[in-house]
Amino acid sequence: MREQLIRAIEAALARLLAESGGQPGAAGLPDFAVEAPRQAAHGDFACNAALLLAKRLGRPPRELAAGLIEHLGDAGGLVARAEVAGPGFVNLWLAGRNWHGLLQRILSEGPSYGRSQAGGGRPVQVEFVSANPTGPLSVGHGRQAILGDCLARLFEATGWKVQREYYFNDAGRQMRVLGESVRARYLEQLGRAAPPPQQALDNDSLPWPETLDGLPVHFPRDGYQGDYIGEIAAELRAQHGGALTAEPGDGIFRREAQARIFGEIRATLERLGVHFDRFSNEQALYAEGCVEAVLDDLRAAGRVRQEDGATWLCSTALGLPRDRVLVKSGGESTYLLPDIAYHREKLRRGFELVVDVQGADHKDQGPYVKAGIAALGLDAARIEFLFHEFVTLSTGGKAVKQSTRRASFVTIDELLEGGPDSPGVSPDAFRFFMVQRRAGSHLDFDLGLARETDWTRNPAFYLQYAHARTHGIERQARERGIAMPAADELQAGHLSLPEELELIRKLGEFPEVVERAAAARAPHHVAYYLREVAGLWNPYVQDAARHRVLGDDAAQRSARLGLTLAVRTVLANGLGLLGMGAPERM
RNA sequence: GCGCCCGUAGCUCAGUUGGAUAGAGCGCCAGGUUGCGGACCUGGAGGUCGCACGUUCGAGUCGUGCCGGGCGCGCCA
């Protein structure tokens, strides 16, 4: 509908230009906008073309706007009213039947309303979470999980072929420390080693004992302190008894810890409704020779130099602030080298676009990976980074202490499960709260609000309740033997109240919202939009004195039931984009 | 010190490739209404869009410089 209008305006502009002696043809058309104005009094759509042309033609914008209206006419029955407004806007009101046609379209398209083929089936990869399996996922990972998943859903909805991938570094020191931590706890439980004193664990500057009460202290200085480490050790002890005392930390301890923790991580993601198509890891890149090959190719490209026994990427020459180490003097790689190899593999797998969702602490890394990719002669523009700021927890405006130190952070599971005297957060509410803000903003997670089960207070439930209400009305209709209208029998002409037209107009925006959210990599647009739809629909239903859906006039009742179905369609499709359930009753 | 991000109502935050009188939720004030499904409806107060210059017919949006906050600036992981 908006597309039709744009074409009509283009044609009218072309005639106007020809008359004014401007350049004919599409080249002479300004890059004008046709938007739904903020204020309803400014029409269904507003166009700024006259303002853009005024300078070029040397004529007053209002005069051009009047000319545009004249040439536009009723645009083949599309436009009911047009006026010049403000400095030279053209405000347009569509003929009523166009809005009614929109309702029919929503009903007939159903689940595909709002989807498009703009992506043309091109392959895109979204990589997210990617936390190393050293412990449970934190709330910050949760934001990334939801953000990445919703972005993937947006790509799917706009016609891309999406792969969700989780990549983790398992070749470096971090996983070895994990194994050593488990081994130390195992030995402590067997009475073969002593646990390090808590003061030393909490304070880096305190001395670290080698022995305690005659027993050796094996726990690594920067080891993982969470209770789950001891639990893994206990399970190993239950399974193997004391038979593992001679095993190295980097062997069975590490493997078991990794497997179990990864299992927990996957279970957590499952609870949130987040699925991955592929898990990949750093070790495989080494095993397949990808890392070495990248180093060779960078060397061949002349982008590598030696200094102090280390191998450096000449990123300064590529416009970055400094050079960075690829291979340490000890022979081990930094993360940068395998990261470059990893991204080359992604591009080799044929992705048109690769989006990495990462926390703000990775902001500095992206450019170096891209520089490496560019140095390999590949198109770095196909790699995008979506960085999200951190999450803080608050309740009633008061910040919840969330120490980043060691293991004392809040995990997703803790939040979902709640505690003895605090209810858990539902996965749907968790998802909504996590996509509510744009990625670049700090996210204040209001625990009190997220736990709230009153739909009028909790914004996540407010949306779901709006959806459930459409089913509630249908149930009532069924009980009275009233049939729901089919798309082709919808007589929407009976919807003429301002709030009804406003609602319909809002429903019509959905496809643009999805498109914009996908293009901007900004799922929060969907969340805000749904809030607006629900914010129109809930009061509409509530105010039965003014407009009862199941009233006595059969024709009007049928039209309002059609509106109900259209609202349901948009809410269900939108909730689907956020990965939230669309319940039929609450 | 350098780089990236953020600064919008009392609070938490939206604000479409630059558009008209800057919005929402929560909170606050006044009045009305009472449940097709569970407190909703109407109105109101509340803003130098961090500050200052600049570009433009037009700036919350773009540019430059300051101020304030976050993150990052290792052969760490």
Side-chain angles (χ1 to χ4, degrees), chain A residues 31 33 35-39 41-42 46-48 50-52 54-55 60-61 85-89 91 132 134 169 172-175 177 222 307-312 320-322 324-336 359-367 385 387-390 392 394 396-397 433 436-446 448-449 454-459 462 465 468-469 471-473 475-477 479-480 509 512-513 515-517 519-520 522 524-525 527-529 531-532 535 538-539 541-551 557 560 585-586:
Chain A
D31 189 17
E35 299 173 326
R38 291 201 182 103
Q39 296 181 48
H42 290 153
C47 177
N48 66 348
L51 288 163
L52 299 174
K55 188 170 190 182
F89 289 99
N91 292 343
N132 292 343
T134 57
N169 296 101
R173 180 167 174 282
Q174 208 177 3
M175 298 309 293
V177 171
D222 52 355
E307 186 183 317
D308 300 333
T311 307
W312 296 70
L320 291 168
R322 63 187 183 92
R324 295 189 64 147
V325 171
L326 293 169
V327 184
K328 297 184 253 182
S329 55
E332 196 172 28
S333 301
T334 61
Y335 276 171
L336 179 59
D361 52 340
H362 286 78
K363 274 190 286 196
D364 194 48
Q365 313 288 334
F385 293 90
F387 296 111
H388 66 88
E389 292 292 333
F390 292 136
T392 52
S394 72
F433 277 69
Q436 243 184 330
R437 309 295 179 220
R438 74 176 192 278
S441 280
H442 288 263
L443 191 152
D444 183 74
F445 192 101
D446 188 334
L449 205 54
D454 179 354
W455 70 270
T456 62
R457 294 182 49 82
N458 189 320
Y462 187 83
Y465 183 65
R469 263 183 153 159
H471 283 275
I473 291 171
R475 282 192 294 274
Q476 290 251 346
E479 279 171 25
R480 300 187 202 176
E509 289 175 18
E512 296 165 47
V513 170
E515 191 184 342
R516 193 179 352 125
H524 76 280
H525 286 310
Y528 268 85
Y529 169 78
R531 182 63 185 73
E532 289 173 356
N538 277 331
V541 176
Q542 198 71 39
D543 192 7
R546 187 168 153 77
H547 31 56
R548 174 173 292 264
V549 173
L550 300 177
R557 190 173 61 210
R560 287 181 175 169
R585 57 176 80 229
M586 289 178 74

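Quick caveat: nothing in here was measured; it's all calculated off a predicted structure. Within every chain, numbering begins at 1; the chains are lettered A, B, ... in the order of the sequence lines, protein sequences first and strands thereafter.
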| said: Taking only the C1' atom of each, what is the distance from B/rU33 to B/rG70 in whole angstrom? | reply: 47 Å
| Non-neighbouring partners of A/Leu443 that pass side chain to side chain contact (heavy atoms under 4.5 Å, CB included), sequence neighbours left out | A/Arg143, A/Val391, A/Met434, A/Arg437, A/Phe445
| What about A/Tyr465: does its side chain form a donor-acceptor pair under 3.5 Å with the base of B/rG37? | yes
| note | Rounded to whole Å, the CD1-P distance (A/Ile473 to B/rG37) equals 8 Å
| said: If stacking means aromatic ring centre less than 5.5 angstrom from the base's six-membered ring centre, planes under 30°, is A/Phe89 stacked on B/rA20? | reply: yes
| field | Residues forming a ring-ring contact (aromatic ring centres under 6.0 Å, His included) with A/Phe387, sequence neighbours excluded | value | A/Phe385
| task | Pick the P atom in B/rC26 and in B/rU42, then give their distance to the nearest Å. | result | 13 Å
| said: Once salt bridge (charged side-chain N to carboxylate O under 4.0 Å, His left out) is applied, do any residues pair with A/Asp364, and if so which ones, sequence neighbours excluded? | reply: A/Arg324
| Considering only the P atoms, how many Å lie between B/rU48 and B/rA39, rounded to the nearest integer? | 37 Å
| message | What does the B/S/- profile of nucleotides 67-77 of chain B look like, 5' to 3', with a 4.0 Å heavy-atom cutoff to protein? | response | ---BSSSSBSB
| query | Rounding to a whole Å, what distance do you find between A/Phe433:CZ and B/rG25:P? | reply | 15 Å
| request: Using a heavy-atom cut-off of under 4.0 Å over every strand shown, decide if A/Ala468 touches base, sugar-phosphate, or nothing. | output: base
| task | Looking at every strand, decide which applies to A/Val541 at a 4.0 Å heavy-atom threshold: base, sugar-phosphate, or nothing. | result | base
| Atom CZ of A/Arg557 and atom CZ of A/Arg548: how far apart are they, to the nearest 0.5 Å? | 12.0 Å
| said: I need the OH-C1' distance between A/Tyr528 and B/rG15, as an integer number of Å. | reply: 9 Å
| request: Describe the nucleic acid contact of A/Pro321 in one word from base, sugar-phosphate, nothing, applying a heavy-atom distance below 4.0 Å. | output: nothing
| Flag, side chain of A/Ser394 to backbone of A/Asp444, donor-acceptor distance under 3.5 Å | no
| Qualifying residues under salt bridge (charged side-chain N to carboxylate O under 4.0 Å, His left out), relative to A/Arg469, sequence neighbours excluded | none
| request: Sequence neighbours left out, what passes side chain to side chain donor-acceptor pair (under 3.5 Å) with A/Asn169? Give chain and number order. | output: A/Glu282
Nucleotide N/O to protein N/O under 3.5 Å, stretch nucleotides 55-58 of chain B:
unit_1	atom_1	unit_2	atom_2	d
B/rC57	OP1	A/Lys55	NZ	3.1

| message | Check this one for me: any side-chain N or O of A/Arg437 less than 4.0 Å away from OP1 or OP2 of B/rC6? | response | no
| said: Quiz question: going by heavy-atom distance under 3.5 Å, is there a donor-acceptor pair between the base of B/rA20 and the side chain of A/Asn91? | reply: yes
| Just how far, in rounded Å, is C1' of B/rG25 from CH2 of A/Trp455? | 14 Å
| task | Report the nucleotide, chosen from B/rG15, B/rC41, B/rC36, that has the shortest atom-to-atom distance to any side-chain atom of A/Leu550. | result | B/rC36
| Within-4.5 Å side-chain heavy-atom neighbours: A/Asp222 and A/Arg173 | yes
| message | Over all strands shown, is A/Ala46 touching base, sugar-phosphate only, or nothing at heavy-atom distances under 4.0 angstrom? | response | base
| said: Please report the distance separating the C1' of B/rA14 from the corresponding atom of B/rU61, rounded so that it comes out in whole Å. | reply: 13 Å
| said: Taking any heavy-atom pair under 4.0 Å as a contact, classify A/Ala33: base, sugar-phosphate, or nothing. | reply: base
| said: When the C1' atoms of B/rG25 and B/rA20 are compared, how many Å lie between them, rounded to an integer? | reply: 25 Å
| Reckon A/Asp444 touches a base, only the sugar-phosphate, or nothing at all at heavy-atom distances under 4.0 Å? | sugar-phosphate
| So what is the 5' to 3' dot-bracket string for RNA chain B, if pairs are Watson-Crick or G-U wobble with both distances under 3.5 Å, crossing pairs use [ ] and | means the partner sits on another strand? | (((((((..((((.....[...)))).(((((.......))))).....(((((..]....))))))))))))....
| query | Is there a side-chain contact between A/Tyr529 and A/Glu509, using heavy atoms and a 4.5 Å cut-off? | reply | yes
| B/rG46 to B/rG68 separation - P atoms, rounded to the nearest Å | 31 Å
| said: When you measure from the side-chain N and O atoms of A/His524 to the phosphate of B/rG15, is any distance below 4.0 Å, counting only OP1 and OP2? | reply: yes
| query | Considering heavy-atom distances to RNA chain B, does A/Gly86 or A/Glu35 have its closest nucleotide positioned more toward the 5' end? | reply | A/Glu35
| Using a cut-off of 4.0 Å on non-hydrogen atoms, how would the nucleic acid contact of A/Ala54 be classed: base, sugar-phosphate, or nothing? | nothing
| query | With A/Arg322, which residues qualify under side chain to side chain donor-acceptor pair (under 3.5 Å), at least two apart? | reply | none
| task | Grab the OH-P distance between A/Tyr462 and B/rU12 for me, whole Å please. | result | 23 Å
| Close side-chain approach of A/Phe433 to A/Leu449, heavy-atom, < 4.5 Å | yes
| message | Measuring only the P atom in each nucleotide, how far is B/rC2 from B/rU64? A whole number of Å is fine. | response | 15 Å
| message | Which nucleotide wins on minimum distance to the side chain of A/His525, given the candidates B/rA14, B/rG15, B/rA20? | response | B/rG15
| query | What does A/Arg438 touch in the nucleic acid at a heavy-atom separation under 4.0 angstrom: a base, only the sugar-phosphate, or nothing? | reply | sugar-phosphate
| said: Just to be sure I understand the rule, does A/Arg557 reach a base, reach only the sugar-phosphate, or reach nothing, if contact means heavy atoms closer than 4.0 Å? | reply: nothing
| field | Verdict with reasoning, A/Glu479 to A/Leu550, per side chain to side chain contact (heavy atoms under 4.5 Å, CB included) | value | CA-CA 11 Å; A/Glu479 279 171 25; A/Leu550 300 177; over 6 Å; no
| said: Just the rounded figure in Å: distance from C1' of B/rA24 to CG of A/Leu449. | reply: 14 Å
| said: Could you measure the distance from the CG atom of A/Asn132 to the OG1 atom of A/Thr134? Nearest 0.5 Å is fine. | reply: 6.0 Å
| query | If each of A/Gln476 and A/Gly535 is mapped to the nucleotide of RNA chain B with the nearest heavy atom, which maps nearer the 5' terminus, i.e. the 5' end? | reply | A/Gln476
| Residues in salt bridge (charged side-chain N to carboxylate O under 4.0 Å, His left out) contact with A/Arg457, at least two apart in sequence or another chain | A/Glu452
| Integer angstrom distance from the P of B/rA22 to that of B/rG44 | 15 Å
Using a cut-off of under 3.5 Å, enumerate the N/O to N/O pairs linking the protein to nucleotides 26-32 of chain B.
none

| message | Any non-hydrogen side-chain atom of A/Pro459 less than 4.5 Å from a side-chain atom of A/Gln436? | response | yes
| task | Could you list the residues that satisfy side chain to side chain donor-acceptor pair (under 3.5 Å) with A/His471, not counting sequence neighbours? | result | A/Arg568
